[in-house]
There are 2 protein chains.
Amino acid sequence: MVNGGTDGLRERKKRRTREALIDAAHTLFCEKGFEATTIDEIAEAVEVSPRTFFRYFTSKEDVALSLADEQITAVLEAFAGQPAGLPVLTAMRAAAVGVVRAYEAEARFGSLQRLISVSPALAAARVERGAARLDEVARLVGARMGVDPAADPRPHLVASVLLCAVQPAVVAWRAAGREAPESELTGQAFDLLAAGLDYPAASG
Amino acid sequence: MVNGGTDGLRERKKRRTREALIDAAHTLFCEKGFEATTIDEIAEAVEVSPRTFFRYFTSKEDVALSLADEQITAVLEAFAGQPAGLPVLTAMRAAAVGVVRAYEAEARFGSLQRLISVSPALAAARVERGAARLDEVARLVGARMGVDPAADPRPHLVASVLLCAVQPAVVAWRAAGREAPESELTGQAFDLLAAGLDYPAASG
DNA sequence: GAAATTCTGTCACTCACTGACAACTGTCGT
DNA sequence: ACGACAGTTGTCAGTGAGTGACAGAATTTC
């Protein structure tokens with residue numbers, strides 16, 4: 001028996017190590033850049049062996065993007081929670097804006113975005129991670145469209161576009177020189193996205 | 001002086017080495033898979049040193065995607081050549097379908113697609129390469145929209161979506177079990193893309 | 001043919017990442 | 001409290017990607 005609510009010492013220690021690694025990595029990445037930082041440096045900063053680093057994260061990209069992962073999960077949950085009947089793009093817009101607004105208070109979030117936009121390796125890794133969750137997104141999109149993702153390819157199609165589009169959209173917006181709260185950027189990016197693909201509009 | 005029309009021996013030799021490397025790499029990738037193939041094996045197959053390999057290509061992904069690069073270039077040229085006034089998505093559809101149709105006779109094209117869809121590392125690398133040409137695409141999109149990409153963020157936004165969307169769309173379609181000529185896949189993917197994002201349609 | 005270019009191979013190195021094994025540290029039953 | 005057990009960690013050794021430096025070979029130019 002035992003745990004009076006909290007987990008055992010072992011669990012707590014692991015969580016602390018993990019957090020410390022994320023923290024140290026993030027700091028070093030911001031200071032020296034992603035590629036210029038070595039695993040050895042990260043491990044040394046936390047006083048663990050480099051081997052241990054790889055027991056917590058599968059790669060250098062993995063530490064950097066562990067925060068982004070939480071965010072993707074949050075967006076998907078929010079997407080699932082949008083009222084039925086909403087167009088897919090509209091629902092995703094609402095989900096993304098909501099989550100970004102919730103996160104933008106944290107300083108680490110902004111610096112992570114900056115990190116990703118500067119490092120092609122990180123940007124690629126993020127896309128790769130997104131692709132790994134393609135089926136999950138397709139399921140949600142399929143549910144919203146009222147079709148079975150196993151039989152109809154459209155949900156997968158739309159899902160892959162949404163996955164690829166959301167993040168670059170914000171980055172592109174920022175690259176264009178607009179500086180504003182992330183949540184606003186995201187919303188406007190979606191607006192322009194919907195309008196821009198049909199430009200000049202085929203119908204009205 | 002000299003070159004009676006053909007380039008010098010040195011140039012020809014370089015071109016041949018380059019082609020041989022692409023060829024050997026492609027064959028090995030198809031036989032053993034992308035990650036399971038080492039640079040040493042590729043180099044040995046062509047009888048050059050591994051160091052020389054890196055004088056022709058910057059990475060393992062680079063050899064694999066050298067063919068895909070030609071294709072992207074072709075698509076962009078075709079996109080630029082579409083009649084003005086066409087909606088951006090429509091123009092890109094026509095460009096992509098045309099190019100894919102032109103390429104699908106080559107066997108290597110199909111196997112490259114298969115390779116990419118199987119290897120996350122390759123898929124990520126392709127996105128990365130596409131992103132490197134973002135500005136180029138944005139220029140073309142901006143021209144079609146009649147706005148200045150330097151002042152208006154929309155072209156960049158639309159460009160990044162187009163870049164990210166085109167290839168995954170085809171892959172997703174194929175993953176859904178549809179087997180048909182690439183050109184048809186591409187066309188249908190675009191059709192569903194346009195419809196799916198607005199599903200259920202907001203207007204009409 | 002000699003000199004200047006340009007390619008190429010060899011060597012030595014860094015860094016990401018992995019398997020194996022031994023030492024250590026919480027955990028749990030008694 | 002103690003010992004068996006399981007999970008965690010460090011060390012070691014190794015593979016593979018990718019890079020800089022230098023010397024020698026091939027090509028081009030004169």
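Naming convention: chains lettered A, B, ... in sequence-line order (proteins, then strands); numbering from 1 in each chain. None of these values were measured; they are calculated from a predicted model.
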Next on the checklist: If you go through the side-chain atoms of A:R10, does one of them form a donor-acceptor pair with the base of C:dT25 closer than 3.5 Å?
Outcome noted: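 Between C:dT25 and A:R10, which were checked side chain against base, a qualifying N/O pair under 3.5 Å is present.
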
Take the protein atom [atom1] of [X] and the nucleotide atom [atom2] of [N], then report the distance between them rounded to whole Å.
X	N	atom1	atom2	answer
B:L122	D:dA17	CG	P	13 Å
A:D40	C:dT18	CG	P	15 Å
A:E35	C:dT14	CD	C1'	15 Å
A:R16	D:dT9	CZ	C1'	15 Å
B:I39	D:dG16	CD1	P	11 Å
A:D62	C:dC17	CG	P	9 Å
B:K32	D:dG16	NZ	C1'	12 Å
B:R12	D:dT27	CZ	P	10 Å

Presence of [X] side-chain N/O under 4.0 Å of [N] phosphate oxygens OP1/OP2:
X	N	value
A:Y56	D:dT9	yes
B:K13	D:dT27	yes
B:K60	D:dG18	no

Next on the checklist: A:K32: which residues meet the side-chain hydrogen bond (donor to acceptor under 3.5 Å, both in side chains) condition with it, sequence neighbours left out?
Outcome noted: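 Per chain and number, A:K32 pairs via side-chain hydrogen bond (donor to acceptor under 3.5 Å, both in side chains) with A:E41.
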
Next on the checklist: Using a strict heavy-atom distance below 4.0 Å, which residues from residues 48-55 of chain A are in contact with DNA chain C?
Outcome noted: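 Only A:R51, A:F54, A:R55 qualify.
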
Item to check | Step-by-step side chain to side chain contact (heavy atoms under 4.5 Å, CB included) determination, A:R108 to A:I22 | outcome: CA-CA 11 Å; A:R108 283 203 298 188; A:I22 293 176; 3.8 Å; yes

Checklist entry - Honestly, is A:R93 close enough over A:F79, meaning NZ or CZ under 6.0 Å from the six-membered ring centre and within 45° of the axis? => result no

Next on the checklist: Check B:R16 with B:E19, please: is the shortest side-chain N to carboxylate O separation under 4.0 Å?
Outcome noted: no

Checklist entry - How would you label the contact of A:F57 with the nucleic acid (heavy atoms, under 4.0 Å): base, sugar-phosphate, or nothing? => result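 The residue A:F57 makes no contact with any strand.
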
Checklist entry - Ignoring hydrogens and geometry, is there a side-chain-to-backbone donor-acceptor pair from A:T17 to A:K13 under 3.5 Å? => result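 Pair found, side chain donor or acceptor close to backbone of A:K13.
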
Checklist entry - Considering heavy-atom distances to DNA chain D, does B:S59 or B:L9 have its closest nucleotide positioned more toward the 5' end? => result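 Here B:S59 is the residue nearer the 5' end.
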
Item to check | Side chains of A:V100 and A:Q71 in contact at under 4.5 Å (non-hydrogen atoms) | outcome: yes

Next on the checklist: salt bridge (charged side-chain N to carboxylate O under 4.0 Å, His left out) for A:E136 and A:R133? Distances and angles first, verdict last.
Outcome noted: CA-CA 5 Å; A:E136 193 180 342; A:R133 306 181 74 167; 3.2 Å; yes

